[in-house]
J.: 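My structure is below; once you've seen it, I'll send some questions.
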Amino acid sequence: MSNVKERILGAVTIMSENDAQKIWELIQATFQLANAETVKADEDELAAFNAFHDGEPEYQPSITQEELIRELGL
């Protein structure tokens, strides 16, 4: 077994059940993303993304990243 796998198993054995569940969900999401199909972007979504990227005020976040993290309890 590789060093990385040993470290993962060691970490899992000492973490709480709740934390282990979160890790399991991350692992599942990783495999789901790896198998996701590529979909052509919607024109409206692209326009909104470009407006955000260009700094248009209507498309800027109304909350900072720090406030969002605090709001989500992360």
Side-chain angles (χ1 to χ4, degrees):
M1 182 181 307
S2 73
N3 187 14
V4 172
K5 290 178 181 179
E6 286 180 15
R7 292 189 339 229
I8 291 170
L9 286 174
V12 169
T13 60
I14 62 172
M15 67 179 52
S16 70
E17 190 66 26
N18 188 38
D19 288 342
Q21 180 64 37
K22 290 176 187 175
I23 296 300
W24 178 244
E25 290 168 6
L26 286 170
I27 291 169
Q28 288 178 313
T30 299
F31 282 103
Q32 289 169 353
L33 286 174
N35 294 319
E37 74 178 80
T38 303
V39 178
K40 185 176 185 302
D42 178 89
E43 292 298 322
D44 291 336
E45 291 173 349
L46 282 175
F49 176 79
N50 289 332
F52 166 78
H53 188 266
D54 293 340
E56 291 185 30
E58 291 181 41
Y59 290 89
Q60 299 310 303
S62 60
I63 186 171
T64 67
Q65 183 177 9
E66 292 81 18
E67 290 169 332
L68 180 60
I69 289 171
R70 198 169 33 254
E71 179 80 19
L72 294 174
L74 301 175

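We count residues from 1, following the sequence as given. Everything numeric here is computed off the predicted structure, so don't read it as measured data.
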J.: CG of Asn3 to CD1 of Ile8: how many Å apart, nearest 0.5 Å?
T.: 10.0 Å
J.: In the single-linkage hydrophobic clustering (I, L, V, M, F, W, Y; side-chain heavy atoms under 4.5 Å), do Tyr59 and Leu46 co-cluster?
T.: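 The answer is no; the residues belong to distinct hydrophobic clusters.
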J.: Do you see a donor-acceptor pair shorter than 3.5 Å between the side chains of Glu25 and Gln21?
T.: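 Note: Glu25 and Gln21 side chains meet the donor-acceptor criterion.
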J.: Above 12 or not: heavy atoms from other molecules or residues under 6.0 Å from CD of Glu58?
T.: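 Open.
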J.: Is there a side chain to side chain contact (heavy atoms under 4.5 Å, CB included) between Gln65 and Ile69 once you walk through the steps?
T.: CA-CA 6 Å; Gln65 183 177 9; Ile69 289 171; 4.0 Å; yes
J.: Is there a path from Ile14 to Ile23 through hydrophobic residues (I, L, V, M, F, W, Y) whose side chains come within less than 4.5 Å of each other?
T.: no
J.: Any side-chain to backbone donor/acceptor pair from Asp54 onto Glu56? Under 3.5 Å, distance only.
T.: no
J.: Atom OG1 in Thr64, atom CZ in Arg70: separation rounded to 0.5 Å?
T.: 6.5 Å
J.: Going hydrophobic residue to hydrophobic residue with side-chain gaps under 4.5 angstrom, can you get from Met15 over to Leu26?
T.: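 Same hydrophobic cluster.
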J.: Are Phe31 and Trp24 joined in one hydrophobic group, where the rule is that I, L, V, M, F, W and Y side chains link up if heavy atoms are under 4.5 Å apart?
T.: yes
J.: Of the non-hydrogen atoms in Glu6 and Met1, which two are nearest, and what is the gap between them?
T.: OE2-O, 3.4 Å
J.: Looking only at heavy atoms, which two atoms of Ile63 and Leu68 are closest? And how far apart?
T.: CD1-N, 3.7 Å
J.: When rounded to the nearest 0.5 angstrom, what is the spacing between CD in Glu67 and OG in Ser62?
T.: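 Rounded to the nearest 0.5 Å, the CD-OG separation comes to 8.5 Å.
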